[in-house]
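First the structure, in the form of structure tokens, and then the observations on it.
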Amino acid sequence: MAGCSNAGRGGATGANDAASKSKVRPAYIRYQGVEPDMSGAEYNIPDAFNRYPAQPVQAIADAPGDGRPIQVMTFTNTPIPPKLSGNQFWQEFNKQVGSPVQVNLTPSVDYDQKFATAVAGDKLGELFMIGGVPQKPQMLEAKAVDLTSHLSGDRIKKYPFLANLPETSWNSAIFDGKIYGVPIPRGAIQSQALYARKDMLEGAGLPVEVKSADEFIELCKALTDKRKNRFALAAVPTQYVRNMFAIPNGWSEEGGKLVSNLEDPAQEDALQILQKLWKAGYIHPDAFTGQNQDLKTRFGNGTSPLVFDTFSGWPTYLQTMDKEAEIAIIAPPAHDGSGVGRTWLGPPTISVTAISKKAEDRVETLLAYLNFLATPFGTKEYLFRKYGIDGVDYKTTDGSPVLTDKGFSEVQLGLQYQADGPWTIFLPERQGSAEACFNAMKELCPQSIQNPVAGMYSETDNRKGGQIGGDINDVTNDIIQGRKPVSAWAPAVKKWKRDGGDKIAEELYGALKVSR
């Protein structure tokens with residue numbers, strides 16, 4: 001993508017304009033295997049299913065592997081699974097792949113650092129999920145196989161389930177007119193919403209909706225009982241409060257330039273509300289520490305009946321809750337009660353998986369493996385990949401697979417962060433859950449705010465974005481926890497702009513203009 005100059009340095013530029021993308025973009029061939037119970041096409045959300053097909057189809061005739069180990073480096077948002085020797089699913093997975101798969105898993109919050117270290121030490125796996133490093137196009141040119149001759153245009157038909165990936169998802173995999181990886185699509189399912197323990201709210205006689213910021217604060221007050229070690233919010237609901245003020249999603253285009261949402265005047269109003277929630281003790285005291293899984297635990301055991309997370313997290317919440325517990329989604333209201341807030345639409349691609357040049361002699365095998373991981377809902381492969389072994393990792397309830405505790409532990413190999421098909425809403429753990437999730441997305445997502453430069457590349461952002469973003473996050477957290485006044489926000493934003501934010505805006509806007 002344009003906007004990143006490499007004059008005098010040679011090598012990849014990161015240019016990814018519309019013309020170069022269209023020349024190499026893989027053909028899109030939608031999988032037509034099953035009809036959804038609820039079609040999301042009209043709302044630009046995933047399709048939903050109430051049951052798994054009784055006769056799933058065998059999508060792939062031959063195992064994709066070549067007998068040699070496949071080394072994978074990726075991240076996870078769930079606990080590390082049992083080792084191969086004690087993991088029946090992993091053992092059977094290796095048999096179905098036709099190669100022993102060796103997975104190097106890292107918690108998502110630590111992945112960028114681990115990735116940078118692996119790049120510097122030349123220790124990337126044969127398959128690696130691309131993390132944030134400076135000069136990403138140059139890194140890919142040096143470390144990753146150019147897949148253009150394998151995947152561009154109709155060539156992708158050899159891998160039909162990679163051809164089923166949405167066209168926009170490939171933007172993040174194309175640099176300098178070359179395809180350097182396979183995207184992991186997400187989109188609307190990656191949008192974030194406020195989950196609520198419907199059973200707990202209704203049990204306390206509380207409404208499962210709020211119509212203003214004041215009502216939200218009152219709900220949090222009513223749900224908090226420190227004597228019972230209960231705090232309304234599992235984590236700080238920063239984005240949810242920003243949604244109340246319709247603050248832009250990342251960036252907005254104004255007056256012939258990009259403007260960061262950090263500069264929105266309503267940011268200080270949002271921070272005042274967040275500071276008030278923290279000072280009142282309505283947010284769990286460990287909200288600024290711990291792992292992603294802690295949020296699910298707090299929500300599941302009722303310690304915190306409200307949590308802000310992606311729609312893609314719904315299955316894990318169901319798996320960690322008591323059977324009597326119920327989920328509802330509370331839409332963000334306009335802060336002043338004048339209407340509804342604006343959710344942020346999730347990015348089209350969560351990440352990209354590349355093939356190391358060290359494995360160039362195995363490109364077709366590794367692409368076949370990624371194609372296996374992208375098999376869609378309704379296939380035998382999807383059923384196995386997501387739910388494991390019948391009678392061991394899952395049991396069949398009302399005609400659908402439901403993970404057992406053993407299965408929930410065993411199947412967490414980070415497969416969905418290696419490759420995946422388009423997301424499908426399927427929540428067999430609770431009757432009616434798929435419809436509830438679908439309806440919540442149908443309400444929130446069509447009116448959500450898009451990031452105008454989602455998936456576009458800025459070298460400055462890759463090189464300095466983590467540092468200056470971390471600095472602004474530190475100030476945000478200091479303000480919320482009362483260590484700094486809200487008035488500290490404006491100078492922090494000026495520093496962010498000066499330290500690289502303005503340059504990032506310039507580069508991204510250049511990419512946006514060229515894309516048109």
Side-chain angles (χ1 to χ4, degrees), residues 1-26 112 130-142 144 146-148 152 165-187 190 248-264 344-352 354 448-469 472 496-516:
M1 299 174 187
C4 160
S5 173
N6 287 274
R9 290 189 294 183
T13 63
N16 200 13
D17 56 66
S20 64
K21 285 186 292 186
S22 64
K23 289 178 183 177
V24 301
R25 189 193 305 278
D112 279 357
I130 300 168
V133 292
Q135 300 183 19
K136 183 181 287 186
Q138 293 88 338
M139 182 278 294
L140 290 172
E141 184 182 50
D146 175 4
L147 300 174
T148 310
S152 67
L165 304 183
E167 291 178 281
T168 53
S169 291
W170 289 96
N171 291 346
S172 297
I174 300 172
F175 293 87
D176 277 338
K178 297 175 183 178
I179 303 172
Y180 279 111
V182 170
I184 302 171
R186 286 298 184 267
Q190 204 66 13
N249 181 358
W251 300 87
S252 57
E253 187 177 0
E254 301 173 20
K257 64 178 182 178
L258 276 186
V259 177
S260 168
N261 72 358
L262 300 176
E263 301 179 66
D264 193 292
W344 292 353
L345 186 67
T349 307
I350 191 172
S351 193
V352 173
S448 59
I449 304 175
Q450 297 188 47
N451 182 342
V453 291
M456 295 188 182
Y457 181 80
S458 157
E459 171 58 26
T460 303
D461 191 22
N462 251 41
R463 184 166 44 86
K464 299 187 68 175
Q467 176 189 335
I468 64 176
I472 202 77
W496 177 87
K497 287 165 59 65
R498 185 174 62 250
D499 290 349
D502 283 341
K503 187 65 175 175
I504 294 171
E506 178 185 328
E507 292 173 357
L508 289 176
Y509 191 60
L512 180 62
K513 287 193 295 183
V514 172
S515 73
R516 295 166 174 166

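Residue numbers run from 1 in the order of the sequence given. Every heavy atom of this structure was used, including side-chain atoms; hydrogens, water molecules and symmetry mates were not.
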- Which of Glu507, Lys497, Lys257 passes side chain to side chain contact (heavy atoms under 4.5 Å, CB included) with Asp502? It is Lys497
- Is a side-chain donor or acceptor of Asp176 paired with a backbone partner of Lys178 at a separation under 3.5 angstrom? no
- Message: How close do Val352 and Ser172 get, counting heavy atoms only, and between which atoms?
- Response: CG2-O, 3.6 Å
- Query: For Arg463 and Gln135, what are the C-alpha separation, side-chain angles and deciding distance, and is it a side chain to side chain contact (heavy atoms under 4.5 Å, CB included)?
  - Reply: CA-CA 7 Å; Arg463 184 166 44 86; Gln135 300 183 19; 5.6 Å; no
- Out of curiosity, Gln138 CD to Glu459 CD, how far, rounded to the nearest 0.5 Å? 6.0 Å
- Scanning both residues in full, the closest heavy-atom pair of Ile179 with Thr148 reads N-OG1, 2.9 Å
- Item | For the student: nearest non-hydrogen atoms of Ser458 and Asp461, plus distance | OG-N, 3.0 Å
- Full working for side chain to side chain contact (heavy atoms under 4.5 Å, CB included) between Ser260 and Trp251: CA-CA 5 Å; Ser260 168; Trp251 300 87; 3.7 Å; yes
- Are Asn171 and Arg25 close enough that some pair of their side-chain heavy atoms sits under 4.5 Å apart? yes
- Ile350, Leu165, Thr349 screened by side chain to side chain contact (heavy atoms under 4.5 Å, CB included) with Pro185, the one that passes: Leu165
- Query: Which heavy-atom pair separates Gly501 from Ile468 by the least distance, and what is that distance?
  - Reply: N-CD1, 3.7 Å
- Distance-minimising heavy-atom pair for Gly500 and Thr460: O-CG2, 3.9 Å
- Query: Rounded to the nearest 0.5 Å, how far apart are CG of Asn451 and CG of Leu345?
  - Reply: 9.5 Å
- What class does the angle between the rings of Phe175 and Tyr180 fall in, given that below 30° is parallel, 30 to 60° is tilted and above 60° is perpendicular? tilted
- Do you know the tightest heavy-atom contact between Pro137 and Tyr457? CD-OH, 2.9 Å
- Query: Between atom CG of Asp499 and atom CD of Gln467, what is the distance when rounded to the nearest 0.5 Å?
  - Reply: 7.5 Å
- Message: Quick check against the 3.5 Å criterion: does Lys23 have a side-chain atom that pairs as donor or acceptor with the backbone of Gly177?
- Response: no
